[in-house]
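Below, chains carry the letters A, B, ... as their sequence lines are ordered, and counting in each starts from 1.
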Amino acid sequence: DAKTTQPPSMDCAEGRAANLPCNHSTISGNEYVYWYRQIHSQGPQYIIHGLKNNETNEMASLIITEDRKSSTLILPHATLRDTAVYYCIVKTDGQNFVFGPGTRLSVLP
Amino acid sequence: EAGVTQFPSHSVIEKGQTVTLRCDPISGHDNLYWYRRVMGKEIKFLLHFVKESKQDESGMPNNRFLAERTGGTYSTLKVQPAELEDSGVYFCASSQDYGLNTEAFFGQGTRLTVV
């Protein structure tokens, strides 16, 4: 079972920041938080991952709370092409990626 | 650099037939994974290769599914005989290392329809 909970859906206006929350209250000290997305019927696309520090790359920023029980993926300037299902995954030792239902983000014009 | 590639992109077969899916991982990636999404369900892990060895096959649904990775390069997933409930999208992924701090990269998937 997935160790994360996410809202089932969110809307965001084009050009605005999309902030996608994720709760992972049972995360262990050495477990990383990963974000993937799936655009339409394509394969899951890796976005970013982190342990406890905030991370930023060309696609997004990941903000992890100090207690590590939740995190937020930020797409700074959402475009229509960012419409997708976003998956927050806690990778557990000895396990492979466990996908939950994710958050369906709709970027609206 | 080429990403993970999967063949075919679509396959339609009749119940009882055999289908073989192929996955070419990113060059140099020792770790190869198979996942699938069946209709209305979430993406589920099937198995994990490290080079040519099966590291974890706990997600394989039954013995109609056979995965191989001879030579530790590309992998095949054979379904024999196919059943209606096998319909779905099969994803392959690869990673250079395996561990908590290693991302995996996914292919575009093979959409399998069993009629």
Side-chain angles (χ1 to χ4, degrees), chain A residues 1-6 8-9 22 24 26-53 55-60 62 64 68 71 73 84-104, chain B residues 1-7 9-10 21 23-26 29 31-50 54-60 67 87-113:
Chain A
D1 291 335
K3 292 184 65 170
T4 62
T5 54
Q6 301 176 250
S9 63
C22 179
H24 32 79
T26 61
I27 193 170
S28 297
N30 61 346
E31 293 173 338
Y32 284 72
V33 180
Y34 286 75
W35 283 84
Y36 282 80
R37 72 181 181 182
Q38 189 173 25
I39 297 173
H40 194 43
S41 58
Q42 298 177 20
Q45 178 188 23
Y46 168 76
I47 301 174
I48 198 167
H49 74 284
L51 181 63
K52 54 183 177 181
N53 297 318
E55 301 287 344
T56 295
N57 63 20
E58 65 278 5
M59 290 183 68
L62 174 59
I64 302 174
R68 303 213 319 125
S71 60
L73 179 74
V85 178
Y86 286 76
Y87 299 97
C88 172
I89 301 170
V90 169
K91 195 157 189 271
T92 302
D93 200 11
Q95 281 195 351
N96 294 282
F97 291 103
V98 178
F99 288 82
T103 295
R104 182 171 297 278
Chain B
E1 179 182 315
V4 177
T5 54
Q6 295 186 243
F7 305 95
S9 56
H10 294 83
L21 315 180
C23 169
D24 285 74
I26 293 172
H29 281 194
N31 295 272
L32 186 148
Y33 315 83
W34 285 98
Y35 286 76
R36 76 171 180 176
R37 164 179 268 154
V38 295
M39 186 65 70
K41 299 291 183 62
E42 292 154 15
I43 299 171
K44 294 292 187 185
F45 165 80
L46 295 179
L47 90 160
H48 168 210
F49 282 101
V50 178
K54 293 176 184 175
Q55 180 77 12
D56 180 355
E57 51 185 329
S58 61
M60 295 288 266
S87 295
V89 184
Y90 289 76
F91 296 106
C92 176
S94 72
S95 66
Q96 190 164 28
D97 301 310
Y98 179 72
L100 294 174
N101 186 21
T102 302
E103 65 271 31
F105 299 95
F106 285 76
Q108 293 303 295
T110 293
R111 180 173 295 278
L112 174 65
T113 303

- Task: For the residue pair A:Tyr87 and A:Phe97, establish whether any side-chain heavy-atom pair is separated by less than 4.5 Å.
- Result: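 Sidechains of A:Phe97 and A:Tyr87: no contact.
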- Item | Side-chain heavy atoms of B:Cys23 within contact of B:Tyr90, under 4.5 Å |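 Counting from C-beta outward, B:Cys23 and B:Tyr90 never come under 4.5 Å.
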- Residues of residues 35-43 of chain B with any heavy atom under 4.5 Å of a heavy atom in chain A: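 Listed by number: B:Tyr35, B:Arg37, B:Glu42, B:Ile43.
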- Message: Less than 4.5 Å to any heavy atom of chain A: does that hold for the side chain of B:Asp56, its backbone, both, or neither?
- Response: side chain
- Query: Looking at A:Ile89, A:Val90, A:Thr5, which one forms a side-chain contact (heavy atoms from CB on, under 4.5 Å) with A:His24?
  - Reply: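 Per the side-chain contact (heavy atoms from CB on, under 4.5 Å) rule, the option paired with A:His24 is A:Val90, out of A:Ile89, A:Val90, A:Thr5.
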- Task: Could you tell me which residues satisfy salt bridge (Lys or Arg N to Asp or Glu O under 4.0 Å) with B:Glu103, sequence neighbours excluded, listed by chain and number?
- Result: none
- chain B contact via A:Gln45 - side chain, backbone, both or neither, heavy atoms under 4.5 Å: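 For A:Gln45, no heavy atom lies under 4.5 Å from chain B.
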- By a 4.5 Å heavy-atom criterion (distance strictly below it), what part of A:Thr92 contacts chain B: side chain, backbone, both, or neither?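 The backbone, not the side chain.
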- Task: Indicate the atoms forming the closest heavy-atom contact of A:Leu62 with A:Ser71, along with that distance.
- Result: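 Heavy atoms only, the tightest pair is CD1-CB, 4.0 Å.
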- Item | B:Thr110: partners by side-chain contact (heavy atoms from CB on, under 4.5 Å), with sequence neighbours left out | B:Gln6, B:Pro8, B:Leu21
- Task: Please identify each residue that fulfils side-chain contact (heavy atoms from CB on, under 4.5 Å) with B:Lys54, with sequence neighbours left out.
- Result: B:Leu47, B:Phe49, B:Glu57, B:Leu66
- Establish, from distance only, whether the side-chain atoms of A:His49 and B:Asn101 form a donor-acceptor pair under 3.5 Å.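 Yes, B:Asn101 and A:His49 have a side-chain donor paired with an acceptor closer than 3.5 Å.
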- Item | Winner by heavy-atom pair count (cut-off under 4.5 Å) against chain A, out of B:Gly99, B:Cys92, B:Gly59, B:Ala104 |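 Of the options given, most contacts go to B:Ala104.
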